[in-house]
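Structure, as structure tokens:
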There are 2 protein chains.
Amino acid sequence: MVKYSDYISVDCVIFGFDFEKLNVLLVDRTLSDAKGNELFTDMTLTGNHIYEGETIQAAADRILFDLTGLKNIYLEQFRTFAHPDRLNKENDRKWLLHDNRDPDKRIVSIGYFALLSTQKVTLEWKGRNVKWVPVDEVGELAFDHNLILSEALKAMRSTILHEPIGFELLPTKFTLSQLQKVYEIILDTGFDKRNFRKKVSRMSYLMPLDEKQKGVAHKPARLYMFSREVYENTKKEILNFIV
Amino acid sequence: MVKYSDYISVDCVIFGFDFEKLNVLLVDRTLSDAKGNELFTDMTLTGNHIYEGETIQAAADRILFDLTGLKNIYLEQFRTFAHPDRLNKENDRKWLLHDNRDPDKRIVSIGYFALLSTQKVTLEWKGRNVKWVPVDEVGELAFDHNLILSEALKAMRSTILHEPIGFELLPTKFTLSQLQKVYEIILDTGFDKRNFRKKVSRMSYLMPLDEKQKGVAHKPARLYMFSREVYENTKKEILNFIV
DNA sequence: AATACTTTGTGTTGTTTTTACACTTTCATT
DNA sequence: AATGAAAGTGTAAAAACAACACAAAGTATT
């Protein structure tokens with residue numbers, strides 16, 4: 001087994017959009033005593049240690065791959081959490097002791113958020129006990145994970161206003177209505193359909209395909225793709241994004 | 001002496017504006033051998049350890065106060081640096097060994113940037129060997145501090161586009177021309193004076209004072225102040241900032 | 001006292017962007 | 001053949017943006 005730094009960890013706030021709601025991937029945490037009786041059960045964000053010699057970016061990618069089986073998904077470092085009491089709740093101390101760790105040792109956690117479409121993920125991957133929870137239905141989490149989640153949301157909302165990352169929450173091919181829905185859900189607002197289309201039609205990196213939705217009980221919508229390449233070449237011209 | 005965590009540190013990128021250029025506060029680092037011969041000299045950003053039990057925000061405030069004698073200045077956490085080789089340059093290893101530290105131990109550094117007017121600071125404070133260097137004249141720095149500086153600049157430019165932090169680089173009372181200059185220097189662009197004034201006149205949190213410049217060899221300009229209080233109450237309405 | 005110098009402070013016009021708003025088309029289902 | 005459901009499209013009024021020049025108010029110089 002590879003040795004890891006026991007004072008640095010990475011927490012990934014993995015956001016998944018399912019065309020209806022914004023969800024976050026949470027892990028079940030259950031602690032049982034020696035006889036197998038359940039002491040408590042609650043949930044955490046997805047996090048892990050960093051191995052010796054591993055960069056934090058690589059650690060975040062690894063965590064993401066372990067949980068979703070996906071590579072090359074959008075990942076952004078947004079904030080680091082190092083409050084000396086951040087692991088100090090009663091259940092957290094029990095959990096750490098059970099894991100032979102010193103609950104009084106400060107652990108620095110570097111926060112990343114990831115964006116993907118829930119469609120892309122098979123949660124049965126490696127049989128992890130993880131599940132999607134709508135962000136507005138998340139209850140009390142372990143450690144300081146409610147704080148980390150709310151900071152991740154804040155950072156993500158700020159980024160989505162200024163950079164084209166809405167696409168990351170959709171399948172590779174998507175319709176304009178789906179894109180509009182992404183922004184409406186995340187920014188908790190509504191847009192006029194015609195004005196929204198007028199706006200995004202100015203974005204040269206939003207590429208219309210010669211392809212339509214299939215099997216829908218209404219006029220099938222045209223599909224689009226996001227071209228990061230075109231975006232990188234034109235972003236100097238673009239000042240305001242959505243809103 | 002208070003014990004500190006030897007694996008976490010805070011680096012503060014302290015930006016100071018002097019009405020002409022954007023500067024960063026750097027510290028001289030000189031290593032001498034036992035006989036007093038100078039082995040090398042170079043510069044670092046301002047950073048320090050975090051004491052046991054101290055929050056990182058408090059550590060950043062402390063570093064800032066130690067160097068400038070100022071409290072309540074604008075401070076923003078922008079990124080964390082934890083590459084396993086970040087302290088691995090030859091001079092850095094010598095420096096760490098001289099300081100009885102293990103150069104192979106990874107140190108996580110949490111990056112903050114601070115904004116202030118150079119006018120507010122007396123560098124003779126506590127006789128520190130620090131100085132202002134224009135950001136476009138900074139040479140090779142110790143550790144990974146060139147990377148940290150450039151990431152701080154990127155983050156600061158991004159924030160200043162979306163949040164009213166330009167004021168933080170000026171004295172409490174300032175003129176509109178000084179404010180315009182801040183944005184011109186930092187964004188490396190020019191604005192039309194009338195259009196700039198039209199834009200900022202819409203910001204209710206920019207408060208005109210019944211006071212004018214004194215002792216200038218030309219028509220004295222009206223002074224203004226930034227009201228964070230008004231801003232906090234009105235920011236929901238504000239969508240685009242400068243540019 | 002007059003003049004030169006420097007920076008402040010102000011308005012209009014044409015262009016672009018934003019906002020508000022409704023109906024027809026296309027497909028699957030019954 | 002009719003129904004239901006979302007796609008797709010244009011216009012007009014309001015707001016914001018970009019480009020542009022000159023008189024006013026003070027200090028310094030003579």
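Note on naming: letters A, B, ... go to the chains in the order of the sequence lines (proteins, then strands), and numbering restarts at 1 for each one.
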Q: Please check if the side chain of B:N23 supplies one atom and the backbone of B:I14 the other of a donor-acceptor pair under 3.5 Å.
A: no

Q. With respect to the phosphate group of D:dG8, does any side-chain polar atom (N or O) of A:R197 fall under 4.0 Å of OP1 or OP2?
A. yes

**Q.** Any A:S177 side-chain nitrogen or oxygen under 4.0 Å from OP1 or OP2 of D:dA7
**A.** yes

Q) Residues two or more places apart in sequence or in another chain: which of them pass side-chain hydrogen bond (donor to acceptor under 3.5 Å, both in side chains) with B:K120? A)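 Once residues adjacent in sequence are excluded, B:K120 has no partner under the side-chain hydrogen bond (donor to acceptor under 3.5 Å, both in side chains) criterion.
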
Rounded to the nearest Å, what distance is computed from the [atom1] atom of residue [X] to the [atom2] atom of nucleotide [N]?
X: A:L223; N: C:dC27; atom1: CG; atom2: P; value: 13 Å
X: B:F191; N: D:dC17; atom1: CZ; atom2: P; value: 12 Å
X: B:K214; N: C:dT8; atom1: NZ; atom2: P; value: 17 Å
X: A:F196; N: D:dG8; atom1: CZ; atom2: P; value: 13 Å
X: B:K181; N: C:dT6; atom1: NZ; atom2: P; value: 15 Å
X: B:L176; N: C:dT7; atom1: CG; atom2: C1'; value: 13 Å

(Q) Exactly one of A:D42, A:T41, A:N91, A:N129 should register a side chain to side chain donor-acceptor pair (under 3.5 Å) with A:R29. Which one does? (A)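 Result: among A:D42, A:T41, A:N91, A:N129, A:D42 is the only option passing the side chain to side chain donor-acceptor pair (under 3.5 Å) with A:R29.
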
Q: Describe, in one word, how the ring planes of B:Y205 and B:F167 are oriented to each other, choosing from parallel (under 30°), tilted (30 to 60°) and perpendicular (over 60°).
A: perpendicular

**Q.** Contact state string [nucleotides 20-30 of chain D, B base, S sugar-phosphate only, - no protein heavy atom under 4.0 Å]
**A.** BB--BBBSS--

Q.
If I compare all heavy atoms of B:F226 with all of B:F174, which pair ends up nearest, and what's the gap?
A.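 It is N-CE2, 3.9 Å.
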
(Q) Ignoring hydrogens, what is the shortest heavy-atom contact between B:V108 and B:R86? Give both atom names and the distance. (A)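 Closest heavy-atom pair between B:V108 and B:R86: C-NH1, 4.4 Å.
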
